[in-house]
Number of protein chains: 2
Amino acid sequence: MTPRPTLRDVAARAGVSKSLVSLALRGDPGVGERTRERIQVIADELGYRSNVLARGLVQGRTHLLGVVISSLENPYHTEIVAGVEEAAEAHGLSVLLVHGSRDRGRLAQHLDTLTGLNVDGLVVISSWLEDEHLAAAARRTPLVMVGRSHAPVQGIDSVTNDDELGAALAVDHLVAAGRTRVAHVTGGRRPAALARRRGYEAAMSRHGLADVVRVVDRSPGGPALQDALDEAIHDGYDAVFARNDVAAFDVIDHALDRGLRVPADLAVVGYDDSALARRTRPRLTSVNQPRERMGARAVALLVERLGGRTDDQHEVLRPTLTVRAST
Amino acid sequence: MTPRPTLRDVAARAGVSKSLVSLALRGDPGVGERTRERIQVIADELGYRSNVLARGLVQGRTHLLGVVISSLENPYHTEIVAGVEEAAEAHGLSVLLVHGSRDRGRLAQHLDTLTGLNVDGLVVISSWLEDEHLAAAARRTPLVMVGRSHAPVQGIDSVTNDDELGAALAVDHLVAAGRTRVAHVTGGRRPAALARRRGYEAAMSRHGLADVVRVVDRSPGGPALQDALDEAIHDGYDAVFARNDVAAFDVIDHALDRGLRVPADLAVVGYDDSALARRTRPRLTSVNQPRERMGARAVALLVERLGGRTDDQHEVLRPTLTVRAST
DNA sequence: GGTCCGGACTGGAACGTTCCAGATCGTCGA
DNA sequence: TCGACGATCTGGAACGTTCCAGTCCGGACC
C-alpha cells in the first residue's frame with residue numbers, strides 16, 4: 001500500500017515550488033503554459049490526487065453535500081436522492097449518503113459525522129430526526145428537509161409535496177370513474193398521513209359524500225385491517241384510497257383473497273407511485289410525488305443559502321396522479 | 001451561521017492549553033479528573049465537535065468506510081449495505097455511501113472522492129467499475145468487492161455467493177417437485193449470469209435432463225422473451241428458473257397473460273429473494289444470497305487488511321432457497 | 001537538603017493544502 | 001541606461017487537529 005503522493009512530491013519531481021503545482025493543477029491563469037503541462041504530466045504519472053481533507057481544512061468548504069436518509073428500502077426516498085445527485089453534480093458538488101434505519105440515536109450520530117466533515121450543505125430525507133439535533137446541525141451548516149412538512153425549527157428550509165392536493169386527486173379520479181363509496185386507509189400520526197386524510201375528507205365533502213367518509217386505521221396498534229375492510233366491503237364500499245402504496249397492496253391482497261375483483265368490485269388508489277406500483281397485478285393507480293424535482297429543489301435551496309440567503313424557504317410541489325389498472 | 005468552535009476556543013475558555021483539551025476530550029488517562037470534567041462541560045456548552053478533516057489529516061486515518069453502490073433501486077445491493085453498516089459500527093467506523101447509477105465515469109469519480117477523503121477502506125457493490133480504476137484505488141486504500149467474482153486485479157479482496165450452487169438449489173427443488181422440463185432465462189454477459197447458467201446446465205445433467213436444457217436470453221439485444229416463452233410452453237416446459245427476480249416476474253406476468261396458472265401449469269424460481277418476491281402474486285420462490293452476511297464479511301476483510309494482511313482473500317458464501325407459492 | 005520520580009500540563013511541529021505577500025526576471029518606453 | 005511593469009514563480013502562514021518532547025511541581029527517599 002503505497003502512500004499517496006502529495007503536492008510536495010510532484011513539486012520535487014518537477015523542480016518547482018509546491019505553490020506552483022497547486023496553482024497549475026487548479027488551472028490558475030498565471031501559470032506558464034509549458035510549465036503547467038509539464039506539471040500536469042508529472043502529476044498524472046505519480047497518480048497525484050488532491051487531498052480533500054487538507055483542502056477542506058484550509059478553504060472552509062469541501063464541495064461535499066451530505067444526505068441523511070433513513071431508509072434505503074423506500075424507493076420514494078431513493079428517487080429523491082437521484083434528484084439531489086443530478087442537481088448537485090450540476091453545481092460541482094459531490095454527494096455523500098449516510099443511512100440510518102429508524103434509530104434516532106444513530107441518525108443523529110450520522111448527522112454529526114457529516115457536519116464534522118464540514119460538508120457544505122445537508123439534505124435530510126427522514127422524519128425520524130429530532131428537532132433538537134436538526135437545529136444543532138442547521139446552526140453550522142445549511143440544511144433542508146425533504147418530504148417532511150417544515151419542522152418547527154428556525155433556519156431550516158424544506159421541500160414537500162402537497163399531500164392534501166394529492167388526496168384530492170385520488171378521490172376526484174375515483175368519483176369521476178363512478179365510485180360513490182370511497183374509504184380511506186390511514187396509519188401513523190405523521191404529518192403526511194394526517195394531511196392525506198384531511199385531503200380525503202375535504203374532497204369527499206366537496207363531492208357531497210361527507211356522510212360516507214370512512215377511515216380505516218392501519219397503524220400497528222390499530223384494529224386489524226382485515227376486519228375493517230370486510231366491514232367496509234359489506235357496507236358496499238367500492239373504492240379505497242390508501243395512504244401509501246404498501247397499504248394499497250395490502251388492501252388489494254385482501255380483496256383478492258376474499259374473491260373480489262380489482263378494480264371491478266373494488267377500485268384502489270395508492271400514494272407514492274413506487275416501483276412496486278408498476279410491478280404488481282393489477283398495476284396500481286397511485287399519486288405521484290415529483291421526487292426527482294424535490295431533490296433538485298432541495299439542492300437549489302442549499303445553493304441559495306450558500307449564496308447568502310438567510311430567511312427560511314418552504315417549497316410545496318404539486319403531485320400528479322398516475323392512472324393504472326387498479327381503478 | 002455561527003462558525004464552529006475549535007479546540008482553541010474551548011481551551012481559552014477553560015484557561016488551559018489546546019493540547020490538554022484534546023487529551024481530555026479523548027479520555028486520556030493522564031488528565032486530572034477535575035479538569036477533565038471542567039473541560040467536558042465547557043466543550044458541551046460551546047457545542048464543540050471534533051473536526052474530522054483536521055483529525056484525519058494528522059492521523060492518516062479517518063475512521064470512515066466508503067461504500068460505492070451503483071444502484072439504490074436494487075434491494076439486493078441495499079441489503080448488503082445494511083450488513084456493511086452494522087459490522088462497521090461494531091468496529092467504530094462510519095459508513096459513507098456514494099451512488100453512481102451505471103455511468104462508469106461518474107462511478108470512478110466517486111471512487112476518487114472517497115479516496116480523496118482518506119477513507120480507511122472501500123466496499124464496492126457494483127460491477128460497473130473498470131479494473132483500472134479499481135486497481136488505482138486499491139493501491140492506496142484497502143478495497144473489497146461484493147457480489148462480483150474477483151476482478152482480475154491484484155490487491156483486491158472479494159465476497160461473492162456461489163451462483164452455481166444457487167442454480168443447483170433451484171433446479172433440484174423443481175425436479176424434486178416433479179417438474180421435468182425446466183427452462184432457464186438468462187441475460188447479459190456478466191459473470192454472475194454465466195455462473196447461474198453453468199449451474200443450471202450442470203444440475204440438469206445431474207438429473208439426466210441434459211437433453212431438455214433450454215436457455216432463453218432476455219438480454220436487450222436478444223430475441224423477445226415472449227416469443228421464446230411461448231415456444232417453450234408449446235414444447236411442454238413446466239418450469240422456469242430465471243437468473244433474477246425481475247426476470248422471473250416477467251415470466252410470471254407473461255404466463256398469466258397467456259392464461260396459464262402459476263405454479264400449476266408453470267413453476268417459476270427467481271434469484272435474489274428481493275423484497276418484491278414477497279409482495280407479488282403469487283409469491284415468488286427465489287434463491288437467497290446471504291446479503292447481510294456478505295456485507296459483514298466485507299467489513300471483516302477490510303479490518304484484516306488494516307491490521308496488516310497483504311495476501312488477497314476471496315470469500316464465497318453459500319446461498320439458500322426460499323420456497324414460496326410460485327413452485 | 002538534594003535528588004529523583006511521576007503526575008499534570010504545555011508548546012511547537014506536523015499533516016497537505018490554499019492563499020497572500022512578495023521575489024525574480026526579461027522587456028519596454030523614455 | 002534605468003526604472004517600471006507584467007508575467008511567472010516562491011516561501012511562509014494558516015486551517016484544526018494529534019503527537020511528541022518537554023516543563024513544572026510536590027513529595028518520597030536517602
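Protein chains get the first letters and strands the later ones, always in sequence-line order, with residue 1 at the start of each. Values reported hereafter were calculated over all heavy atoms of this structure, with side chains retained and with hydrogens, waters and symmetry mates removed.
A salt bridge links B/Asp157 and B/Arg309; the closest N-O separation between the charged side-chain nitrogens and carboxylate oxygens is under 4.0 Å. Taking 4.0 Å as the cut-off between side-chain N and carboxylate O, A/Asp120 and A/Arg305 do not count as a salt-bridged pair. Between B/Arg13 and B/Glu45 there is a salt bridge, since at least one side-chain N of the basic residue sits less than 4.0 Å from a carboxylate O of the acidic one. For A/Asp272 and A/Arg291, the salt-bridge test fails: no basic side-chain N is under 4.0 Å from an acidic carboxylate O.
Residue order along DNA chain C, read from the 5' end via each residue's closest nucleotide, puts B/Gly32 first among A/Leu57 and B/Gly32. In terms of position on DNA chain C, the residue among A/Val58 and B/Ser17 whose nearest nucleotide sits closer to the 5' end is B/Ser17. Along DNA chain D, the nucleotide nearest B/Asn51 and the nucleotide nearest A/Leu20 are compared for position; the residue whose nucleotide lies closer to the 5' end is A/Leu20. Looking at which nucleotide of DNA chain D each of A/Glu33 and B/Pro5 is closest to, the 5′-most match is held by A/Glu33.
In plain terms, the two heavy atoms of A/His110 and A/His99 that are nearest each other are CE1-O, 3.2 Å.
Distances shorter than 4.0 Å separate some side-chain N or O of A/Thr35 from OP1 or OP2 on D/dC9.
Partners of A/Ser50 under the side-chain hydrogen bond (donor to acceptor under 3.5 Å, both in side chains) rule, at least two apart in sequence or in another chain, are A/Arg55.
Running 5' to 3' along DNA chain C, contacts with non-hydrogen atoms of chain A at under 4.0 Å begin and end at C/dG16 to C/dC19.
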